[in-house]
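Read the structure below first, then the notes.
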Amino acid sequence: MIALQNVTFRYPAHDRDAITDISLEFRPGEVAWLTGALGSGTSTTLLVAAGLAPRLTGGSFSGSVALDKRDPALASPLAQGIAYLGASPVLQLSGIARTVRDEIAIGPMNVGWPRERIVEAVDEAIDRFDISHLAPRAPLQLSGGETQRVMLAALSATRPHTWLLDEPFAALDHLARAAMAELLASLAQQGETIVVTSDDADLMLGLATRLIVFEGGRVALDGSPAALLAGDEIGRTGAGTTGAATMARQAGIAAPRPVTTRELVATIASPLADAAVLHKTTDGVAVTPHLDAVLQLDGVIFRYPKGPSVLKGITLIVRQGESVGLFGSNGAGKSTLLRLAMALEHPSTGSVYTLGSSTERRGPEDFAPEVGFLFQQPERQLSAASVRAECRLAPSYAGWDEERSASAIDEVLHQLGLADVAGDHPSDLPLPRRRLVALAAVLVTSPRLLLLDEPTAGLDDASREKVARLVRERTAQGLTTLAITHDAVFAHEALDRAVVLDSGRVVFDGAVRDVLDGKQQQRPAALEIALALQLQVGNDRRDNVARVIAEIQAR
Amino acid sequence: MTSLARTAHPFTTGTVALAFTALAIVVPAPAGTIVLYAIICLVAILTGAGRGVILGLVVVAPLWFLLFLMHGVLGDSPRVPAPWGGTLSHAGVALAAVQGSRLAAIVTASLAFASVFDPNRFMQAAIAHRWRFDLAYVVVATLDAAEQLTVHARRLREAQRTRGLRVRGSLAVRIRAVPALILPLILASLTDADDRTLALESRGMTIKGPRTAFDPPPDTRLDRAIRWGALLSVVAAMVWRVAR
């Protein structure tokens, strides 16, 4: 059991506490879910519980932390049976492993297990996380989602009894998320302690046994997930709730609200037939506009030097004004396709045309700022001394005058809720806000084609909604977006067309709604209810579904 | 096909590189160091570490030129006729040859070793030989620092290019791009150092006590013989040099 008693902690050079007077006990067998708005203190609580803050971070600390009555700060977390996964798993790679298999062996090796036991633990971890196909690969060459799975496997190899996981689902595809949730549930059943920060309320509802909501560094709510998600209080803290509860609130249904789609559908079940008739319309149907191609890939084959083919014959056209989601399991070739579109890579065979020009013998600087590119883990690409300076880079390279730059920067910072930190150093911000800064730096020039690699990973509900709204507004203005995402809610709310990659090939090209089938991809609550109400494409997004529910409730 | 330099025990390649470096200091220059440089290049190429020879050339060629300019062209009297007209400093040319060949031998031996260095194999070997783990990690981190910095620099360069920074073209364009790449690289490296500390701690790298080598590289009789041979050759060279 981990117990925090009156813990207050402030990072060095910060003018306010990250967490204040936190008293919590995490007990064996429970899955405690920490959530809150950006900067509310959930990640810091994990660091403190793991004994890593303030020991490694510095800063001021008061209160006490005890792991089974011992101070966890006296030894490495791993030596005490604690598995700590940070929000950026790539940073936790050891840097000394040649293959994934070696990487997984690092933990058991460091605790001095006999070789036979290490081999057994490594094999078991590889099986448990279904990553045998990754075992011979170099850790630094994995995709973001693959790295996350490998790190989880690596942590599991020492058989910890306490898991402190910061956004462990962020980069995972739907199937890997489901498998991970199942695994965590089974670990809890075996008496292990699981503490998870996450903003995915729909996933956590089925997994967590306890919900702790943070607000401004303090514990605001602590109780049963279903009860708290159904109530009014959670909304006041800035934390998100499930899709069904959000829509129910939008529709004016009083608390306690239904928290699952099944409950919400049951609430409005009786007048379903009428609703279907009322709202059968083709308005807003996602039709591919027959406009200019802004991105065209013709028979593209791509392989990294000395590596196998990552893309195996991709032909794809993205037209002006489209918002396209690029889906597929971890390692399917999605990021590579995006890099080809930005001329960061060039095809081994075939051709790529971006904004009508071939990318051959051209680089990304030839397409900026008309094309904007957000990397996966974009916080690692930030380079300026303040948020505002970061946003000024692209306009200055494009030769914009100061007035035009300032106006565009103010607008994008306001849209993404970053105006209050415009003068701060990006490194001083929490990781999710750093990611928003990177997005702001890309959006500031209003690129005609926007290429996004997991734009909502690790963001809270309110920020994800902001990003979705920005993409929708861009689409309405005739601008184009191509986004890799495992976030089904973002995909449903912001994107119209889906392209699915599997092992380097396009296996589906159609409406996003058809991809979110609940099997390969999670089905968002809004879509689930829209299907139950038989609403057509274009009428199935959250605001519209909530409006329909409100109309039904009013009758 | 895996090269000999990569399959050999990491201590063997390290010892050979260190021995070559020591010999470059001990043997008489320029004749001895020129022969030694030739031997290093030959050994590196034959064992599959030829990349180190090329990298070595890239590093030392500008230095050769500078040494020749500084000592040979601008050096003291007596001066001798140069093949292309004018004169050269006789002593200066000899000094440039001494320094240039010594430098070439040391740089090439080091880079050949670095080009085949495998951090994982080295750590496994260090654990198997019961080295202090923190000491072994410092060796690995130092030898791997250039690689890590390269990866980081590439990432920042890509990020800046996607925003429109021009890094290719004329020399003026490239020079203009340098501040936009170097300063963020230094700052990001410092931030990364903090993050690495957290990573090392959470992965148990700071745990005290014995560790187990998961996959230790085989330390064959041939490896041991080569290591002893390298050591003896350095001792012999030192004795010979002192006795002369």
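Below, chains carry the letters A, B, ... as their sequence lines are ordered, and counting in each starts from 1.
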Within-4.5 Å side-chain heavy-atom neighbours: A:L78 and B:M205: no

Residue pair B:P119 / A:R98, side-chain heavy-atom distance below 4.5 Å: no

Contact class of A:L85 relative to chain B, heavy atoms under 4.5 angstrom: neither

Heavy-atom proximity to chain B below 4.5 Å, by part of A:V442: neither

Residues in residues 120-142 of chain B that sit under 4.5 Å from chain A, counting heavy atoms only: B:N120, B:M123, B:Q124, B:I127, B:F133, B:Y137, B:V140

Which of B:A213, B:A180, B:G209, B:A159 touches chain A most, by non-hydrogen pairs under 4.5 Å: B:A159

Test salt bridge (charged side-chain N to carboxylate O under 4.0 Å, His left out) applied to B:R166 and A:D366, step by step: CA-CA 8 Å; B:R166 297 207 165 266; A:D366 297 316; 2.9 Å; yes

Derivation and outcome, side chain to side chain contact (heavy atoms under 4.5 Å, CB included), residues A:R101 and B:F214: CA-CA 10 Å; A:R101 195 176 165 76; B:F214 171 57; 4.1 Å; yes

Minimum heavy-atom distance between A:Y397 and B:Q160, given as atom pair plus value: OH-NE2, 3.4 Å

Atom group of A:Q377 that falls short of 4.5 Å from chain B, counting heavy atoms: neither

Salt bridge (charged side-chain N to carboxylate O under 4.0 Å, His left out) between A:E365 and B:R157, worked out: CA-CA 11 Å; A:E365 61 275 18; B:R157 190 169 179 266; over 6 Å; no

Short side-chain to backbone donor-acceptor contact, B:R203 and A:A154, under 3.5 Å: no

Part of B:L156 within contact of chain A (heavy atom distance under 4.5 Å): side chain

Region of A:S94 in contact with chain B, defined by heavy-atom distances below 4.5 Å: both

Partner chain A: residue of B:T206, B:L200, B:I207, B:T162 with the largest heavy-atom pair count (under 4.5 Å): B:T162

Toward chain B, the part of A:M342 with a non-hydrogen atom under 4.5 Å: side chain

